[in-house]
Engineer: 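Have a look at this one before I ask anything.
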Amino acid sequence: MISFEEFKKLSIKIAQIKEVRDHPNADKLYIMTIDIGGETKQIVAGIKSYYRPEELKERKVVVIDNLEPALIRGVESQAMLLAALDAQNLAIIVPEKDISAGAKVK
């Protein structure tokens, strides 16, 4: 378990996907450029088996914005896309209503 104080350290925000491309070194990964309220970041996400690029582009999603960058199969990921996974499917977490990129999730 983590404390509420630890949880509050996470910066969870709304981002808008601007670009989606295949990862050159992995069959199941996309490299995406996202806008987090005027700040552009690159993320790597293992969602290729569940979404086509055209389903993702311009979509608003939920990300963790303040993780240390990670090198994933040779490409830097600067945030983490949030998704739910069960035995059959994966679903990215999206806002229920239209809201600005950069909005904080509380």
Side-chain angles (χ1 to χ4, degrees):
M1 293 227 170
I2 65 168
S3 69
F4 185 67
E5 290 305 312
E6 288 292 314
F7 174 77
K8 287 187 340 185
K9 292 178 183 178
L10 294 175
S11 177
I12 305 171
K13 294 182 181 177
I14 302 300
Q16 187 167 25
I17 300 171
K18 296 310 219 173
E19 181 184 1
V20 181
R21 61 190 189 280
D22 292 339
H23 191 296
N25 302 319
D27 294 336
K28 296 181 181 181
L29 300 176
Y30 283 132
I31 301 169
M32 295 182 279
T33 303
I34 58 171
D35 171 29
I36 308 174
E39 181 181 5
T40 301
K41 288 192 173 187
Q42 174 176 278
I43 61 173
V44 178
I47 61 172
K48 194 172 182 180
S49 300
Y50 302 95
Y51 291 93
R52 295 183 314 277
E54 59 271 15
E55 293 177 285
L56 297 168
K57 192 165 182 192
E58 298 304 323
R59 196 155 191 188
K60 299 231 176 116
V61 295
V62 179
V63 299
I64 298 177
D65 184 38
N66 64 335
L67 293 176
E68 288 183 11
L71 203 59
I72 301 174
R73 303 290 294 267
V75 175
E76 185 176 69
S77 187
Q78 301 165 330
M80 179 184 284
L81 176 70
L82 295 183
L85 177 66
D86 66 15
Q88 287 102 21
N89 209 354
L90 178 138
I92 56 175
I93 307 300
V94 298
E96 181 216 6
K97 294 181 181 179
D98 189 31
I99 193 162
S100 301
K104 292 182 180 184
V105 176
K106 296 185 174 201

Engineer: Are Ile2 and Leu82 connected in a single hydrophobic cluster, I mean Ile/Leu/Val/Met/Phe/Trp/Tyr linked by side-chain heavy atoms less than 4.5 Å apart?
Structural biologist: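 Yes; Ile2 is reachable from Leu82 via cluster members.
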Engineer: Just wondering, more than 12 heavy atoms not from Asp27 lying within 6.0 Å of its CG?
Structural biologist: no
Engineer: Find the distance between CD (Glu96) and CD1 (Ile93) and round it off to the nearest 0.5 Å.
Structural biologist: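 Rounded to the nearest 0.5 Å, the CD-CD1 separation comes out at 13.0 Å.
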Engineer: Is it the case that one hydrophobic cluster holds both Leu85 and Ile12, taking links as side-chain heavy atoms less than 4.5 Å apart, direct or via other members?
Structural biologist: no
Engineer: Is there a path of hydrophobic side-chain contacts, each under 4.5 Å between heavy atoms, that joins Ile72 and Ile31?
Structural biologist: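 Same hydrophobic cluster.
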Engineer: Considering non-hydrogen atoms only, spot the tightest contact between Asp35 and Ala101 and give its length.
Structural biologist: O-CB, 3.6 Å
Engineer: Tell me if a side-chain donor or acceptor on Tyr30 pairs with a main-chain N or O of Leu56 at a distance below 3.5 Å.
Structural biologist: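 Checking the backbone N and O of Leu56 against the side chain of Tyr30, no donor-acceptor pair under 3.5 Å is found.
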Engineer: So, does Gln42 use its side chain to make a donor-acceptor pair with the main chain of Glu76 at under 3.5 Å?
Structural biologist: yes
Engineer: What distance do Glu54 atom CD and Arg52 atom CZ have between them, rounded to the nearest 0.5 Å?
Structural biologist: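 Answer rounded to 0.5 Å: 4.5 Å.
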Engineer: If we ignore hydrogens and angles and just use 3.5 Å, is the side chain of Glu39 paired with the main-chain N or O of Ile36 as donor and acceptor?
Structural biologist: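 No: the side chain of Glu39 does not pair with the backbone of Ile36.
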Engineer: With rounding to the nearest 0.5 angstrom, report the CG to CD1 distance, Leu29 to Ile43.
Structural biologist: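 The distance works out to 11.5 Å.
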Engineer: To the nearest 0.5 Å, tell me how far Ile47 CD1 sits from Met32 CE.
Structural biologist: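 It is 4.0 Å, given to the nearest 0.5 Å.
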Engineer: Determine the minimum heavy-atom distance between Val44 and Ser77, stating which atoms define it.
Structural biologist: N-OG, 3.0 Å
Engineer: Only distances under 3.5 Å count here; give the side-chain donor-acceptor pairs of residues 57-66 to other protein atoms, sequence neighbours excluded, each with its distance to 0.1 Å.
Structural biologist:
from: Glu58; atom 1: OE1; to: Gln16; atom 2: NE2; distance (Å): 3.2
from: Glu58; atom 1: OE1; to: Lys18; atom 2: NZ; distance (Å): 3.1
from: Lys60; atom 1: NZ; to: Asp98; atom 2: OD1; distance (Å): 2.9
from: Lys60; atom 1: NZ; to: Ile99; atom 2: O; distance (Å): 2.7
from: Asp65; atom 1: OD1; to: Lys41; atom 2: NZ; distance (Å): 2.7
from: Asp65; atom 1: OD2; to: Lys13; atom 2: NZ; distance (Å): 3.3
from: Asn66; atom 1: OD1; to: Ser11; atom 2: N; distance (Å): 2.9
from: Asn66; atom 1: ND2; to: Lys9; atom 2: O; distance (Å): 2.6

Engineer: Check whether Ile17 and Met80 end up in the same hydrophobic cluster, where Ile, Leu, Val, Met, Phe, Trp and Tyr are linked by side-chain heavy atoms less than 4.5 Å apart.
Structural biologist: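 Each belongs to a different hydrophobic cluster.
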Engineer: Return the minimal non-hydrogen interatomic distance between His23 and Arg73, and the atom names on each side.
Structural biologist: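 Scanning both residues, the minimum pair turns out to be CE1-O, 3.0 Å.
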Engineer: Rounded at 0.5 Å granularity, tell me how far CG in Leu67 sits from CG in Leu10.
Structural biologist: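 Here the interatomic distance stands at 7.0 Å.
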